[in-house]
Peer 1: 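For reference, the structure I am asking about is given below.
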Amino acid sequence: MILNPGILALLFGSTIAFVMLLYAAGLGVKILSRWDPQSSSEEQLLLERKTYLVSTIVNFAFGFEILSGLLFIYTVEDIHRLFIGAMCATGALNANQIGWLALLIKIILFFAAALWVHFNRLDQRAEDTPLVRPKYLGLLLLTPLVGLDLFLQYSYFTGLQPEIITSCCGSLFSLGNDSVASELAGLPAKPTMLAFFLIAGSCLIIQTLCLASKKAIFRYLLFVNALALFFISMASIVSFISLYIYQMPTHHCPFDMLQQNYAFVGYPIYIGLFTGTLFGLIPGLSQPLKKIASLKREIDKYERRWLLLSFFGIVIFLLIVAWPILFGPFILLGY
Amino acid sequence: MAALIQTEALCKIYNRQRPDEVQALSEIDFTIEQGEVAVLKGPSGSGKTSLLSLIGGMTRPTSGSILLSGNDIAKLPERFLAGIRRKSFGFIFQQFNLLRDLSVRDNILLPLYPTELKTAEMQKRAGEILESLDLASKQKMKVRQLSGGEQQRAAIARALINRPQIIIADEPSAHLDSKLTEELLAILTRLKTEGKTIIIATHDPSIYQHELIDRSYLMHDGSLVEAEQL
Amino acid sequence: MISGKLKILEHALLSMGRRKQKNFAIIAVYTLTVATLASILFLTQSLRTEARNVLLDAPDLVVQRLAAGRHDLIPNHYAEKIGQLPGVGNVTPRIWGYYYDSLKKVNFTLMGIGPKERDLQLFSGELPKTAKQCALGNGIAKAYGVELGDSLVLVDSQNRTLLYEITGLFDHQSNLLTNDLILLTEPELRRFFNLPADRATDLAVQVYNQREIATLAKKIKYELPDTRPVGKTEILHTYDTVFNWRSGIMLTVFVSALIAFCILAWDKATGISAEEKREIGILKAIGWDTTDVLMLKFWEGLAVSLSSFLLGSSIAYLHIYFYGASVLTPVIQGWSVLFPEFQLTPAIDLYQIFVLAILTIVPYIACTVIPSWKSAITDPDSVMRS
Ligand SMILES: Nc1ncnc2c1ncn2[C@@H]1O[C@H](COP(=O)(O)OP(=O)(O)O)[C@@H](O)[C@H]1O
Ligand SMILES: [Mg+2]
């Protein structure tokens, strides 16, 4: 195991978040079993007040997960020097099988927590809080996810053997290897690029349709499309977007762009992509809730804002990504 | 026309199902029309404060309903009551309940913080109200440096800043001498002419015998025993 | 919307200012905690960078001989053999060893210098030229209280007491490795340790192409099976690992301090005064929602932690870079027998700051969640009577 301050901070913080969520889940169970909106008993009042505590804890955990996602990447970046042959964060993530899994869980956790916070706020705006049950059941799913996140980070960091010789971007993403990552890198550039821009384009079109029309089908389409766009964007970042950003034909690292050398351009890219995806998922997920009168009113009030957020998130993402492809000196498809 | 506030069979039991259970209100049917001034009389412990706090959305009843412009607020979750307290009611408490270490102006602005008003609009409103209550020269002073009458006016200013429809005053003259009570009544009269609805709980005759009162209720042991239209 | 919420922040700052005594204690302890953690982080980070800089000058490859699995003297003729491999530049036999002073209970490195030694930076005086001269690292000069021109007393392997004139000193700004170093002429060092003339401690090998270090190491190992080639990069890794490990251990110790601090924070936050409770009741009665009060409390917590964080890390910065980590020295004494007292180069590493922030702010905010909630649910009804 490597004992690095960043690792310590990650494990310490995640433990705190997990313990707090366990507590929140305990409250959630209590709320689920005793909730009775018709009652004006003191107990119901106390439960109502406890929902504030649960929301605060989940908000806290959500905020922490964002920070810890960043810290995780920075830490992996920092410790890559301890591995012979690792030239960047990717190399350190390859040091054992759990690294990438931990990162994946962090991404899932981000979306899960964001959606929980979102639907909680929506629910709080309705007088009859119709989502109490699904929300607290969701909380019972979110809690083990935070536990899993802690567990995976712990196993990843304790499993690190500093002497290990790892492969780095070059070799991990080199075409001969048969890991998932190298398959992403090995995706043929032209069709991948085509698919990426097609899906991104259709996403923008569907968003426009959603803004123009109230039809449910567009919202569901947007949901599917946003999900597809997220995955294909991740694949594209490794496959060709990174090449254009670094202007090098073999540098596939999805993390280096977060560094100063590349003017921190990774931040707007990822913020755009994550915001765009999140708010692209929300209208589709909210659509079935329009059956509930009190929620329909609130959804109708805010849906436009979500669609716009999603739209601009993806536009920012696309602009930054497309810029070096269209105007940069680096030419991938030619060679 | 529906009454502005109407309670039906309103009950409040504190500490229910515990040894120290108290029935503070039982079966209250209280009504007040838009623009009226009503007074609640009755001895200490008869439930005046309890009724005011139910009407004002400070707490929820054990049973019964409270119709505010026709909407029942009795079963609303707490988070909606805060908005109702802020938008519809202005409270004048028995103790002035000002934050003593803050300036008069900051105290008056407090109810506006959770709203979506722009800062400039907030300041404008505060300026107008300070002016109308003759506090403009004292606005920078800390509340604890003010005299009793000034504190009373600051408390009224705070109650008015959100431009509420209804003013609720619980024993407003308890800490005032007769001169200041006169001043208070003058302000209340002015508010009445501006169209505010006012509910006052008091056992001070100089208030409940005043000409501005439209309706008077007598409370006893948690019940409304007598109502008279003046 | 924004202006109102900002007003809540403004009010939070205002009410903090009104409760100076209460906040002073918490900020003081918090600052101290941050300063301690930050000192450890900054110090290890600097030492790490310092070590890297030192190693930049280090030989690309050091070849040692192993006998029965232990480090042994290496025959000089190995140098010729290695020098003939393609891609190898100079091969220099090095003579050095450790010397333990039982009186002072410290360990030094004694190193021999050949006649053609290159210029040294941060060095004053001259390199030893005769058998009776020596040059010292600053740490040793401090340990013995000697200066340029004084004499140093050493006991050689035949147990004879010898006097050496100090002709040169490494400046105190010089780096980690020279701190505990004594330079003698090479023949004198061989005599001092009673070493045979045809052997060296190890061989420093220059490699033209840095990428071929590993390949060359393999070749040397193949040609001379009783040797152990150690690459510069490997040393770098070891250093990094060691420094990470050290600071990790230290941090673990201090995280317990952090937990103690959290308990205090908890205690402080829970014990809201009657006055504060009354104020929150008033705010709720005049139309603040529970979330507004939670927001107020969150801003308060953030203000406390950010100000303590800034204050604490500034103190640590001054402590490490301008006061030579004087407070931490006794704690870290075990790191090397002579802890370097040179000035570290001030450097701000954003990653370290981020780690520090997470390590200190996250637990504090977590500690305030439940107490904040407790005060936020104060019954507005309570202000109607008292
Ligand atoms: N929070 C409380 N818990 C228990 N009993 C209460 C509480 N508040 C009021 N009461 C009781 O309810 C009754 C009515 O009180 P209150 O409404 O304050 O009367 P008034 O304002 O007319 O003096 C009193 O007997 C009082 O003791
Ligand atoms: Mg009373």
Side-chain angles (χ1 to χ4, degrees), chain A residues 1-17 19-20 23-24 27 42 45-46 48-61 63-64 67-68 70-75 77-86 121 124 157 160-165 259-260, chain C residues 37-38 40-41 44-45 48 52 214 231 233-234 236-252 254-255 258-259 262 289-291 293-295 297-298 349-352 354-370 372-374 376-379:
Chain A
M1 142 147 216
I2 299 176
L3 209 60
N4 160 297
I7 296 177
L8 209 67
L10 272 172
L11 295 180
F12 187 54
S14 299
T15 310
I16 293 178
V19 168
M20 293 188 68
Y23 179 67
L27 293 175
E42 312 231 335
L45 183 64
L46 194 61
E48 246 178 61
R49 289 178 174 176
K50 288 208 163 127
T51 62
Y52 284 103
L53 182 54
V54 176
S55 319
T56 312
I57 291 177
V58 180
N59 287 346
F60 168 85
F64 172 75
L67 293 180
S68 95
L70 287 174
L71 182 60
F72 184 76
I73 289 169
Y74 298 156
T75 301
E77 169 69 39
D78 185 65
I79 59 176
H80 82 255
R81 290 190 219 98
L82 305 181
F83 301 95
I84 297 165
R121 293 183 78 182
Q124 297 271 301
F157 289 123
L160 287 179
Q161 300 295 325
E163 303 82 30
I164 218 169
I165 294 188
Q259 288 178 21
Q260 199 173 6
Chain C
L37 284 172
I40 299 170
L41 279 179
T44 36
Q45 176 64 20
R48 214 165 89 164
R52 296 180 147 270
T233 41
E234 277 174 89
L236 269 176
H237 289 154
T238 314
Y239 260 88
D240 263 1
T241 315
V242 166
F243 280 127
N244 268 324
W245 182 256
R246 291 283 190 194
S247 67
I249 298 273
M250 302 260 300
L251 282 179
T252 322
F254 281 101
V255 161
L258 194 65
I259 291 169
C262 288
D289 185 21
T290 308
T291 37
V293 181
L294 282 171
M295 175 95 83
K297 289 279 154 189
F298 172 73
D349 180 4
L350 285 181
Y351 171 68
Q352 302 287 335
F354 189 54
V355 167
L356 186 65
I358 294 224
L359 220 40
T360 52
I361 296 181
V362 166
Y364 181 75
I365 298 287
C367 280
T368 58
V369 166
I370 291 182
S372 304
W373 171 77
K374 277 222 170 96
I377 59 164
T378 302
D379 216 331

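Quick note on labels: first sequence line is chain A, next is B, and so on, each numbered from 1.
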Peer 1: Nearest 0.5 angstrom please: N59(A) CG to F298(C) CZ, how far?
Peer 2: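 So the gap between those two atoms works out to 9.5 Å.
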Peer 1: Mind ranking L10(A), L67(A), I57(A), V19(A) by heavy-atom pairs under 4.5 Å with chain C and telling me who comes out on top?
Peer 2: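 Greatest number of close heavy-atom pairs with chain C: L67(A).
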Peer 1: Do the non-hydrogen side-chain atoms of T56(A) and I370(C) ever get within less than 4.5 Å of each other?
Peer 2: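 The answer is no; the side chains never approach within 4.5 Å.
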Peer 1: Please determine, among T360(C), L350(C), V362(C), the option with the most heavy-atom pairs under 4.5 Å with chain A.
Peer 2: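 It is V362(C).
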Peer 1: Is there side-chain contact between F12(A) and I358(C), with at least one heavy-atom pair below 4.5 Å?
Peer 2: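 Answer no - side chains too far apart.
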Peer 1: Can you check whether D379(C) reaches R49(A) side chain to side chain, under 4.5 Å on heavy atoms?
Peer 2: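 A side-chain contact under 4.5 Å exists here.
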Peer 1: Given a strict heavy-atom distance threshold of 4.5 Å, which part of L294(C) is in contact with chain A: side chain, backbone, both, or neither?
Peer 2: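 It is the side chain, since no backbone atom gets that close.
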Peer 1: Examine whether an atom of S55(A) lies under 4.5 Å from a heavy atom of chain C, and if so say whether it belongs to the side chain, the backbone or both; otherwise answer neither.
Peer 2: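 For S55(A), there is no contact with chain C at all, as no heavy atom is under 4.5 Å.
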Peer 1: For I16(A), is it the side chain, the backbone, both or neither that has a heavy atom under 4.5 Å from a heavy atom of chain C?
Peer 2: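 Answer is side chain: those atoms of I16(A) sit under 4.5 Å from chain C.
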Peer 1: Is there a side-chain contact between Y52(A) and D289(C), using heavy atoms and a 4.5 Å cut-off?
Peer 2: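 Counting from C-beta outward, Y52(A) and D289(C) do come under 4.5 Å.
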Peer 1: In Å, rounded to the nearest 0.5 Å, how long is the span from CG of L71(A) to OH of Y351(C)?
Peer 2: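 Going from CG on L71(A) over to OH on Y351(C), the span is 5.5 Å.
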Peer 1: For the pair F64(A) and I365(C), evaluate side chain to side chain contact (heavy atoms under 4.5 Å, CB included) and give the outcome as yes or no after the intermediate values.
Peer 2: CA-CA 10 Å; F64(A) 172 75; I365(C) 298 287; over 6 Å; no
